[in-house]
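Encoded as structure tokens, the structure appears first; notes follow it.
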Amino acid sequence: MEDDKEINVEALENNISAKLHCDSPVSAKCCIFRVPQVIRRQNPKAYHPDVVAMGPFHDRGSKHFQPMENVKLWYLRNLLLRKNITLKTLIQGINVIEFEKHAREFYAEPLDHLNKNDFIEMMKLDGLFIIELFRKLCFSEDISINDPVFNMDFMFQYLCHDLLLLENQLPWFVLNSLHILTKEVVDCSLKRLLLVIFYSEPQLGLNSKRFIDHNTIFLDTDFDHNHDHDDKILHILDLIRISSVFKFKEDQFQQSFYGPETQLKMHPTTTLSDVASDGDSIVNIELEDRVYNNFRPPFYGLKTQFMHPATTLSEAGVVFRMDSSDRNSITYIEFEDGVFTIPPLVIGELTDSLFRNLIAFEQCYHGCAQKKLLRLALLLPSSNL
């Protein structure tokens, strides 16, 4: 019988040892996650793309996403023609070795199924598609009558839905590097470009207009080679969260975001025209490790008090008033003498999905310790987030 046989301790030891890993299975640097099943099960459709797959988590080769894959390639071809450059020049414009290594660190999975070339191609094709899309939206004269994104009603809303999914994010440095590399003379910073366009869809922009009006230094400065600043933004969804949760009163944003000692400095950039004229000109990506000064482990075992939803509080006599100030974020809620003062929030078809993905990001990423949007969602009436 099997039980009578002697156990080979050495073989068992070797078998277990081969499975042990020195590194944590999830790096502290990662900030793009698959939404955990315990969160996804409430509304699975809220986390899945409708028309376009961005990044490595969804099968871009499926028939469902193939039309937008063709649009990505068409956008790339049009970019090369407009800039009068070769594809080789575009590829050599960024140090691909460091680019690939750094980009992989943003994802909470090893992505072993993608080789280096496939991964870099995916990052560049997806990133340039996003940048070209928002440039077209900003400069409408560049839109072709044959562009399927703009000659189909509501396609932009579908794309916005997909670009703000946690599983569909690209590292911010990828987008920013490609934006710098291909920028036009009239281009604004990538941060401003994205927020201005999202503001055109109030249900998605949330705080965008107030954020734009009161944070011009942050929005109009590209910290292209300084990752102490650039790493503050992780991806597009994180940018929307940042613009939603920061206080704007008395210019508090600049100090709270960069710290009181921060000196904001412009840095020289490299463009495709530089690369085309100088074959040795490369946009290098500095790979300084993030320092998580604000990381605090969660406190377990403490009693948590949950707030009642607004309908219950209203029935109990609590009064709700709209904050008329334009210098408060949507999370800046005051309660005094039985009165809740809350900034206005536009609710639309896509608001549910956006909030669910913002909250999933807050719950998955250790850098979002305060869970501000989760707290706001718990206050909303009939909230099942």
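Throughout, residue positions are numbered sequentially from 1 according to the sequence presented. Not measured: the values here are computed from a predicted model.
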Is any NZ, NE, NH1 or NH2 atom of the basic residue among [X] and [Y] found under 4.0 Å from an Asp or Glu carboxylate oxygen of the other?
X	Y	value
Lys45	Asp50	no
Arg34	Glu167	no
Glu132	Lys136	no
Arg135	Glu184	no

Exercise. For the pair Val52 and Leu159, evaluate side-chain contact (heavy atoms from CB on, under 4.5 Å) and give the outcome as yes or no after the intermediate values.
Key: CA-CA 7 Å; Val52 65; Leu159 286 172; 3.7 Å; yes
Is the shortest heavy-atom distance from the side chain of [X] to the side chain of [Y] under 4.5 Å?
X	Y	value
Val339	Phe320	no
Ile32	Pro171	yes
Tyr47	Ser353	no
Lys72	Leu128	no
Tyr75	Asp147	yes

Write down the atom of [X], the atom of [Y], and the distance for their closest heavy-atom approach.
X	Y	result
Val71	Pro148	CG2-CG, 3.5 Å
Leu114	Met122	CD1-CE, 3.8 Å
Asn168	Met54	OD1-N, 2.9 Å
Met123	Ala103	SD-CB, 4.2 Å
Ala46	Arg356	CB-CD, 3.5 Å
Leu111	Phe57	CD2-CE2, 4.1 Å

Quiz item: Does the ring centre of Phe106 sit less than 6.0 Å away from the ring centre of Phe173?
Solution: yes
Practice problem: Would you sort out whether Lys101 and Glu98 count as a salt bridge (charged side-chain N to carboxylate O under 4.0 Å, His left out), showing the intermediate values? | Solution: CA-CA 5 Å; Lys101 178 183 177 183; Glu98 294 181 350; over 6 Å; no
To the nearest 0.5 angstrom, please state how far the [atom1] atom of [X] sits from the [atom2] atom of [Y].
X	Y	atom1	atom2	result
Ile240	Leu194	CD1	CG	7.5 Å
Asp126	Leu163	CG	CG	9.5 Å
Asn95	Glu100	CG	CD	11.0 Å
Gln42	Ile359	CD	CD1	11.0 Å
Leu166	Ile236	CG	CD1	12.5 Å
Asn70	Phe65	CG	CZ	14.0 Å

Quiz prompt | side chain to side chain contact (heavy atoms under 4.5 Å, CB included) partners for Pro67, two or more places apart | solution = none
Within one Ile-Leu-Val-Met-Phe-Trp-Tyr cluster: [X] and [Y], side-chain cutoff 4.5 Å:
X	Y	value
Phe154	Leu137	yes
Phe355	Leu165	no
Val319	Leu313	no
Leu90	Leu81	no
Leu358	Val38	yes

Counting only heavy atoms from other residues, nucleotides and ligands, does the tally under 6.0 Å from [atom1] of [X] exceed 12?
X	atom1	result
Arg82	CZ	yes
Ile145	CD1	no
Ile97	CD1	no
Asn15	CG	yes
Glu336	CD	no
Phe150	CZ	yes

Quiz item: Are the side chain of Ser62 and the backbone of Asp59 linked by a donor-acceptor contact shorter than 3.5 Å?
Solution: yes
Quiz item: What's the verdict on side-chain contact (heavy atoms from CB on, under 4.5 Å) for Val96 and Lys116, showing C-alpha distance, side-chain angles and the deciding distance?
Solution: CA-CA 9 Å; Val96 292; Lys116 293 179 184 292; over 6 Å; no
Once you measure the plane-to-plane angle for [X] and [Y], does it fall in the parallel (<30°), tilted (30-60°) or perpendicular (>60°) bin?
X	Y	value
His48	His58	perpendicular
Phe134	Phe156	perpendicular
His235	Phe361	perpendicular

Practice problem: Test Val149 against Trp74 for side-chain contact (heavy atoms from CB on, under 4.5 Å), laying out the working first. | Solution: CA-CA 12 Å; Val149 172; Trp74 185 58; over 6 Å; no
Self-check item: Modelled atom types, side-chain donor and acceptor of Asp238 and Tyr365, under 3.5 Å
Solution: no
Quiz item: Just checking, is any N or O donor in the side chain of Thr311 or Ser314 under 3.5 Å from an acceptor N or O on the other one?
Solution: no
Quiz item: Distance under 6.0 Å and angle within 45° of the ring axis: does Arg321 meet both against Phe340?
Solution: no
Quiz item: Among Leu237, Leu234, Leu190, which one satisfies side-chain contact (heavy atoms from CB on, under 4.5 Å) with Trp172?
Solution: Leu190
